J.: 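Structure incoming, see below.
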Number of protein chains: 2
Amino acid sequence: MELRHLRYFIAVAEHLHFGRAAKELNISQPPLSQQIAQLEEEIGAQLFYRTNRSVRLTPAGEHLFREAKAIMGNLERATTQTRKIHTGEAGKLAVGYTGMLSSGIIRILRSFKDKHSDVELILHRMSSAMQNEALAERRIDIGFLCPPIDGETLGFFHLYDYPFVVALPSSHPLAADTSPIRLSELKGEPFIMPPRGEEAGYFDQIIALCNRAGISPDIRQEAEGVTTILSLVAAGIGISIVSTAAAETQREEIFYREIKGADDAIGLYLAWNRQDASPLAERFVQAAKVFIPNQDK
Amino acid sequence: MELRHLRYFIAVAEHLHFGRAAKELNISQPPLSQQIAQLEEEIGAQLFYRTNRSVRLTPAGEHLFREAKAIMGNLERATTQTRKIHTGEAGKLAVGYTGMLSSGIIRILRSFKDKHSDVELILHRMSSAMQNEALAERRIDIGFLCPPIDGETLGFFHLYDYPFVVALPSSHPLAADTSPIRLSELKGEPFIMPPRGEEAGYFDQIIALCNRAGISPDIRQEAEGVTTILSLVAAGIGISIVSTAAAETQREEIFYREIKGADDAIGLYLAWNRQDASPLAERFVQAAKVFIPNQDK
DNA sequence: TGTAATGATACGTACAGACTATCAATCAAC
DNA sequence: GTTGATTGATAGTCTGTACGTATCATTACA
């Protein structure tokens, strides 16, 4: 059986007239009769009552008519959707993000979703190291992450820079003052940090920052993900140095202070697998480029 | 596009190897490559990433793969069901019945349903006259009805004979006695009868029965359907003469008495449209024939 | 560097589906 | 009854295309 049989069958069932159906199909009547006969033979069921003057569907034919129309409709929708996925108008896009959905990331996601309503964005929170791996293995299509980035297999570009701030429990003695803090004041404080294996760039930058201020952070606690780190700070377990992106959502239990004399910032990058990136991923990357700040020279 | 394309595509998507897929399809590899290329061209989407050493589905291909399998499954089920409807193993069967589903009718329906679980029996209560019309117009496939039957267009045979009984309100003076009643005792009683136009055979037989007993029934009320008639009797509106089939289900408000010296009975017939009876209707008729009483000579 | 594996390409062929012509059956008009 | 129109089926021919064989290009691996 071929789709031709179904197409012809539907035409005859709709017109209940071989001649007119043939005309609609742009073929002559004899081959139409033949194909219908073939279909009946193959299915093993008479589909039409035919006298020389009238054509009517049998009960079996009526059933097949309904089914055939549904099948052709499904096929039509399937091919259209397939084409859309190819062009990147539709599909699923797995997106990784490190800690919090900063307003910068949300703006990009929102804008893309608005223009591509058929696209399903699936968000995965994972560390920068995990994103490198997931992008390489195509478990995610897009990553919002911090260095290091495996430039061999991944394409990437810089999006935003977020300065560092110190996160203190509100109950902490240093939390009273709103002025920028000197990092040397943090000497001996218990630090909460992500594991270096998960966020090497972030980790090293903070260490360097502290070293420059003449202190060596006393890491008492490791925690995965900014939200977890901040929860621990809120609980009074220790202090941490986080990006202003994480500090966007204020919490009562946490007090943020800028760092005096340091304009260090952590870079947020967008990355994708540069080999066989899905069309959707490519679209996303293109759309995201618009959000690069100061791109006008 | 033809089903061939989908079949070939599914084979390649399952094997992710053109050579092996071709072998399974019993064709050689080159035409398989061609057909897949055609499919991609027609849909307007790349379906496989092909290097010379590996074949992988694109996101678009993965979507089409799922859809194509579903479509092939639907098609398979549709053709099987169509064949079943043709042979009478499945389908819908509209059955008409006059008044009540007597135990005789129920036995036939039950037996048929047991042997043909894929068949949906749709019951329609309608008078014998309506059934004649509905059978001719194919609104129903099978009728359980009383004469007259239009032998021109309908095939039919006799099933059961149900003797007549008198139905009295329990409060009626004549309802005390359990012995057979003489019809002459009913002189002057208000009769409830179906309209003659709907149940001519039944109507005329009762009139003849009464006439033989020397009375002319005083028809005060007409009602469509035995259940309606019996409800009116129960309400004390009048009396009626009904078949023992209707009397099968006893009600407290109604008292039935046999009729003395009359072995008249109303015949229940099974009828169908003898032109292009649906295969299912034919099966039903054949199955019902087993229930003709005294068929052994 | 040579060999095996794999999908794409080139080209000839056979068959199936399409066309034209015609037939058979039915219905309607007179 | 007879004739003409309508309609689906059949017969015979032709053509497009799906398939097969042979071969190539590329890649992986020994």
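As the structure is a prediction and not an experimental result, all values here were calculated from the model.
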J.: Among residues at least two apart in sequence or on other chains, which ones pass side-chain contact (heavy atoms from CB on, under 4.5 Å) with E14(B)?
T.: I10(B), F65(B), K69(B)
J.: What ring-ring contact (aromatic ring centres under 6.0 Å, His included) pairs are there with at least one residue in residues 14-46 of chain A, not counting sequence neighbours?
T.: none
J.: Any idea which heavy atoms bring G61(B) and F9(B) closest together, and the distance?
T.: O-CZ, 3.4 Å
J.: Measuring only between side-chain heavy atoms, which start at C-beta, is F144(A) closer than 4.5 Å to L109(A)?
T.: yes
J.: Going by the rule side-chain contact (heavy atoms from CB on, under 4.5 Å), which residues pair with E198(A) if we only count those two or more places apart in sequence or in a different chain?
T.: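 Residues passing side-chain contact (heavy atoms from CB on, under 4.5 Å) with E198(A): S127(A), A129(A), M130(A), P195(A), E224(A).
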J.: By side-chain contact (heavy atoms from CB on, under 4.5 Å), which residues pair with Q81(A), not counting sequence neighbours?
T.: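 If we apply the side-chain contact (heavy atoms from CB on, under 4.5 Å) test to Q81(A), skipping adjacent residues, the hits are K84(A), I85(A), A90(A), H63(B).
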J.: What residues from residues 5-19 of chain B pass a heavy-atom cutoff of under 4.0 Å to DNA chain D?
T.: Y8(B)
J.: Check salt bridge (charged side-chain N to carboxylate O under 4.0 Å, His left out) between E40(B) and all other residues, then give those that pass, not counting sequence neighbours.
T.: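 Result, salt bridge (charged side-chain N to carboxylate O under 4.0 Å, His left out) vs E40(B): R50(B).
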J.: Is it the case that over 12 heavy atoms from other parts of the model lie below 6.0 angstrom from the CZ atom of R139(B)?
T.: yes
J.: Under a criterion of less than 4.0 angstrom to any heavy atom of chain B, what are the 5'-terminal and 3'-terminal contacting nucleotides of DNA chain D?
T.: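 Reading along DNA chain D, I get dA18(D) to dA28(D).
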J.: Tell me, please, which residues at least two apart from E41(A) pass salt bridge (charged side-chain N to carboxylate O under 4.0 Å, His left out).
T.: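 Partners of E41(A) by the salt bridge (charged side-chain N to carboxylate O under 4.0 Å, His left out) criterion come out as none, since no residue qualifies.
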J.: Check each of I108(A), L121(A), L93(A) against K113(A) using the side chain to side chain contact (heavy atoms under 4.5 Å, CB included) test, and report the only one that passes.
T.: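 Result: among I108(A), L121(A), L93(A), L121(A) is the only option passing the side chain to side chain contact (heavy atoms under 4.5 Å, CB included) with K113(A).
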J.: What pairs with D204(B) under salt bridge (charged side-chain N to carboxylate O under 4.0 Å, His left out), at least two apart in sequence or on another chain?
T.: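 So D204(B) forms a salt bridge (charged side-chain N to carboxylate O under 4.0 Å, His left out) with R196(B).
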J.: For DNA chain C, note the earliest and the latest nucleotide, 5' to 3', having some atom under 4.0 Å of a heavy atom belonging to chain A.
T.: dG17(C) to dC27(C)
J.: Going by salt bridge (charged side-chain N to carboxylate O under 4.0 Å, His left out), name the residues that satisfy it together with D114(B), two or more places apart in sequence or in a different chain.
T.: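 Checked D114(B) against salt bridge (charged side-chain N to carboxylate O under 4.0 Å, His left out); zero matches.
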J.: Among residues 26-38 of chain B, which contact DNA chain D at a heavy-atom distance under 4.0 Å?
T.: N26(B), I27(B), S28(B), P30(B), P31(B), Q34(B), Q35(B), Q38(B)
